**Q** 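Starting off with a structure, shown below.
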Amino acid sequence: MKTEVLIIGGGPSGLLLSQLLNRAGVATVVLERTSRERVLARIRAGVLEAGTVGLLREAGVAARLDKEGLPHDGCYLSDDELMVHINFYELTGKRVMVYGQTEVTADLYKAQDEMGTSIIHEVEDVVIQDLDQKTSFVEYTVHGERKRIDCSYVVGCDGFHGVSRNTIPVEARTEFERVYPFGWLGILSRTPPANEELIYANSSHGFALCSMRNENLSRYYLQVPLSDSVDQWSDERFWAELKRRVPSETAESLVTGASIEKSIAPLRSFVSEPLRWGNLFLVGDATHIVPPTGAKGLNLAVSDVYYLHQALITAVKQDQRAPLDGYSEQALARIWKAMRFSWQMTTMLHQFDGEDSFSAQMRKASLSHLARSETARRDLAENYVGLPF
Ligand code: RFL
Ligand code: PHB
C-alpha cells in the first residue's frame, strides 16, 4: 500500500490533520492503536480557543459545535477571600468555546467517514523506517498480520506514550520537563454546572476547578496527592471537598449527583525539540505536554496542525519544501509561550507540598493584583483565549 502522508494516531490532532489534508486533495492513512469506541470514551479537554474553532470551521467539522457549543465571554479565579472575573471578550474581543474533546473527535470521525478516508484501528508494533530516504515506510501488525505502507511523509500524532518521538535518535533530541507533585482528580456528573462560567479556585485546601460540558453535564477537578487512587474518593468525599475549596456562594448552590466518570491525571510540562526528523514530523501531545490549568493541550495540538497542514500541502502540491523546513521552529515559538502560561497558571493556583508560607502569600498577591489591574487581567485573557497562530 502507498499514500502521501502516513499519520500515526487517531486522536484529535491526527484526525484533524487528515481532514484538512484530504480536503486539499492530499491522500492520508491514519493508524490508530485502539478502537474508535475507546478513543471516543476519553473525557479530556473542554475549552476551545477562538483559533481552534476557526480551524474546525475551515475543516468543515463545526456544524454541531456552532449549534451546541457554549461560547464563554470570561472565567473566574478565586481564593478564600476574592473572586476575580476575567472578561475575555471585553479585554481581547475574543471568546472561548466550551465543547468537549470527545465531541470534537466524534465530529472528525463522522466527517472522515463521509469523505471515505482510510483509518486503520487496533494496529500494533508500529515501526517507522527510512526517514532519511526520498520515500519512507511504516510497518505495523493488524489482526495478526504484518503490513507495510510506503509514504512521502510520516506524522506522529500518537500522544505522549506513542512511538514516533522515540524514533528520533536520543542524541538528536533535547527534552525539557517539569513534573508537578500532584494530580487532578476529575469527575463528570449529570448535574447543572455550578456557575455559568468556569471557576479556577485556589483555596487554602488546594486547587479546584468547576467546568462543564453542557447545561446538564458538569466537569469538576480537585488537586490531589499523586499517591491517591480513585477508590479513595467516593462521590460523597469528592463533593464535600469541592465545597470546601470553591467560593461559599458557589458551594451553597452546588447541585451534586452520581459521578459518571472519575479519573486521576498527573500534571507535567514537557517539550521535546525539534519537531522534525527527516521525513517525520511530530504534532500535539507526541512532542509537548502542558498541565491542564490553562486549557492549552488540545489547542496547542490544533495550532501545530494548522502550521503543518499548510506546509505539507505546499510540499505535496507545489513541490516546495521551505515551509516544511520551517515547521519545527514556527510551532515551537507558540508552544513555549503556551508552556509559560500553563506553568504560570499552575503555580499561581496550586499548593505545593512542603512549600513555605511565602509561596501562599505570592499566590494571594497574584490574585489581588489581578483584581485591581486591568493590564494584568488583559495579559491573562490574551493568553487564555489563545495567542494568534
Ligand atoms: P492524544 O489525544 O493522546 O491522541 C493520540 C492518539 O494516538 C494513539 N496512539 C497510537 N496509535 C498508533 N500507534 C501507536 N503506537 C500509538 N500510541 C498512541 C492513541 O491511542 C491516541 O488515540 O493526542 P493528540 O491528538 O495530540 O491530542 C492532545 C489532547 O488530547 C490533549 O492535549 C488534551 O486532552 C489536553 N487537555 C486539555 N487540553 C485543552 O486544550 N483544554 C482543556 O481543557 C484540556 N483539559 C486535557 C484536559 C487533558 C487531560 N488529561 C487527562 C491528560 C484535561 C485532562 C484531565
Ligand atoms: C475541562 O472542562 O475539562 C477543563 C476546562 C478547563 C481547564 C481544564 C479542563 O483548564
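One is the number of the first residue; the rest follow in order along the sequence. Everything numeric here is computed off the predicted structure, so don't read it as measured data. Reckoned from all heavy atoms, side chains included, excluding hydrogens, waters and symmetry mates. As the structure lists them, so they are numbered: ligands from 1, and atoms in each ligand from 1.
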**Q** Is it true that Ser328 and Arg276 share a donor-acceptor pair across their side chains at a distance under 3.5 Å?
**A** no
**Q** Would you mind listing which atoms of ligand 1 come within a distance below 4.0 Å of any non-hydrogen atom of Asp158?
**A** 5 (C), 7 (O), 9 (N), 10 (C), 16 (C), 17 (N), 18 (C)
**Q** For residues Pro181 and Phe352, determine if any side-chain heavy atom of one lies less than 4.5 Å from a side-chain heavy atom of the other.
**A** yes
**Q** Under 4.0 Å from a heavy atom of Ala295: give me the atoms of ligand 1 that qualify, with their elements.
**A** 39 (C), 40 (O), 41 (N), 42 (C), 43 (O)
**Q** Number the atoms of ligand 1 from 1 as they appear, then name those within less than 4.0 Å of a heavy atom of Ile8, with their elements.
**A** 12 (C), 13 (N)
**Q** With a cut-off of 4.0 Å, which atoms of ligand 1 are near a heavy atom of Val47?
**A** 41 (N), 43 (O)
**Q** Under 4.0 Å, heavy atoms only, figure out whether ligand 2 is touched by the backbone of Val98, its side chain, both or neither.
**A** neither
**Q** By number and element, which atoms of ligand 1 are closer than 4.0 Å to a non-hydrogen atom of Asn299?
**A** 40 (O)
**Q** For ligand 2, which part of Arg213 has a heavy atom less than 4.0 Å away: the side chain, the backbone, both, or neither?
**A** side chain
**Q** Backbone or side chain, does any N or O of Gly297 fall under 3.5 Å from an N or O of ligand 1?
**A** yes
**Q** Give a yes/no verdict on whether any heavy atom in Arg44 is under 4.0 Å from an atom of ligand 2.
**A** yes
**Q** Counting heavy atoms only, which part of Leu198 comes closer than 4.0 Å to ligand 2: side chain, backbone, both or neither?
**A** side chain
**Q** Can you confirm, on distance only, whether ligand 1 has an N/O atom lying under 3.5 Å from any N/O atom belonging to Val123?
**A** no
**Q** Report yes if Ser13 has an N/O atom closer than 3.5 Å to an N/O atom of ligand 1; otherwise report no.
**A** yes
**Q** By number and element, which atoms of ligand 1 are closer than 4.0 Å to a non-hydrogen atom of Val126?
**A** 13 (N)
**Q** With a 4.0 Å cut-off on heavy atoms, is Phe160 in contact with ligand 1?
**A** no
**Q** Does a donor on one side chain sit under 3.5 Å from an acceptor on the other, for His85 and Glu197?
**A** yes
**Q** Ignoring hydrogens and geometry beyond distance, is a side-chain donor-acceptor pair present between Arg165 and Ser272 at under 3.5 Å?
**A** no
**Q** Have a look at Arg44, Glu32, Arg33 and point out the one with the heavy atom closest to atom 3 (O) of ligand 1.
**A** Arg44
**Q** Is Leu31 touching ligand 1 with its side chain, its backbone, both, or neither, if touching means heavy atoms under 4.0 Å apart?
**A** backbone
**Q** Measuring from atom 41 (N) of ligand 1, which candidate in Ala45, Gly386, Gly11 has the nearest non-hydrogen atom?
**A** Ala45
**Q** Taking all heavy atoms of Gly10 and all of Val30, pick out the closest pair and write down the distance.
**A** CA-CG1, 3.8 Å
**Q** Side chains of His288 and Trp336: do they bring a donor and an acceptor to under 3.5 Å?
**A** no
**Q** Run the ring-ring contact (aromatic ring centres under 6.0 Å, His included) test on Phe270 and Phe176 for me, step by step, so that the C-alpha distance in whole Å, both residues' side-chain angles and the decisive distance to 0.1 Å come before the verdict.
**A** CA-CA 6 Å; Phe270 172 83; Phe176 304 85; 9.0 Å; no
**Q** Would you mind checking which non-hydrogen protein atom is closest to atom 8 (C) of ligand 2, with the distance to 0.1 Å?
**A** Pro292 O, 3.4 Å
**Q** So Asn279 and Ser152, do their side chains get closer than 4.5 Å, heavy atoms only?
**A** no
**Q** Parallel, tilted or perpendicular: which describes the rings of Trp184 and Phe207, with under 30° parallel and over 60° perpendicular?
**A** parallel
**Q** How does Ser211 reach ligand 2, by side chain, by backbone, by both or by neither, if only non-hydrogen atoms under 4.0 Å count?
**A** side chain
**Q** Numbering the atoms of ligand 1 from 1, which are under 4.0 Å from a heavy atom of Gly162?
**A** 17 (N)
**Q** Hey, does Gln101 come in under 3.5 Å of ligand 1, counting only N/O atoms on both sides?
**A** yes
**Q** Can you tell me if Lys364 has over 12 outside heavy atoms packed within less than 6.0 Å of its NZ?
**A** no
**Q** Which of the atoms of ligand 2 are close to Trp184, meaning less than 4.0 Å from one of its heavy atoms?
**A** 8 (C)
**Q** Any idea which protein heavy atom is nearest atom 4 (C) of ligand 2, and the distance to it?
**A** Tyr221 CE1, 3.9 Å
**Q** Run the contact test for Arg38 against ligand 1 with a 4.0 Å cut-off on heavy atoms, strictly below, and give the result.
**A** no
**Q** Does an N or O anywhere in Gly284 fall below 3.5 Å from an N or O of ligand 1?
**A** no
**Q** Need the ligand 1 atom indices (1-based, order shown) with element for anything under 4.0 Å from a heavy-atom of Tyr221.
**A** 53 (C), 55 (C)
**Q** Hey, is Asp285 touching ligand 1 through its side chain, its backbone, both or neither, going by heavy atoms under 4.0 Å?
**A** both
**Q** Looking only at the side chains, is there a donor atom on one of Asp130 and Ser136 sitting less than 3.5 Å from an acceptor on the other?
**A** no
**Q** Could you tell me whether ligand 1 has any atom less than 4.0 Å away from a heavy atom of Cys157?
**A** yes
**Q** I need the nearest protein heavy-atom contact for atom 6 (C) of ligand 2: residue, atom name and distance, please.
**A** Tyr200 OH, 3.3 Å
**Q** Could you tell me which non-hydrogen atom of Ala295 sits nearest to which non-hydrogen atom of Tyr384, and how far apart they are?
**A** CB-OH, 4.0 Å
**Q** How close do Leu65 and Asp107 get, heavy atom to heavy atom, and via which atoms?
**A** N-OD2, 4.4 Å
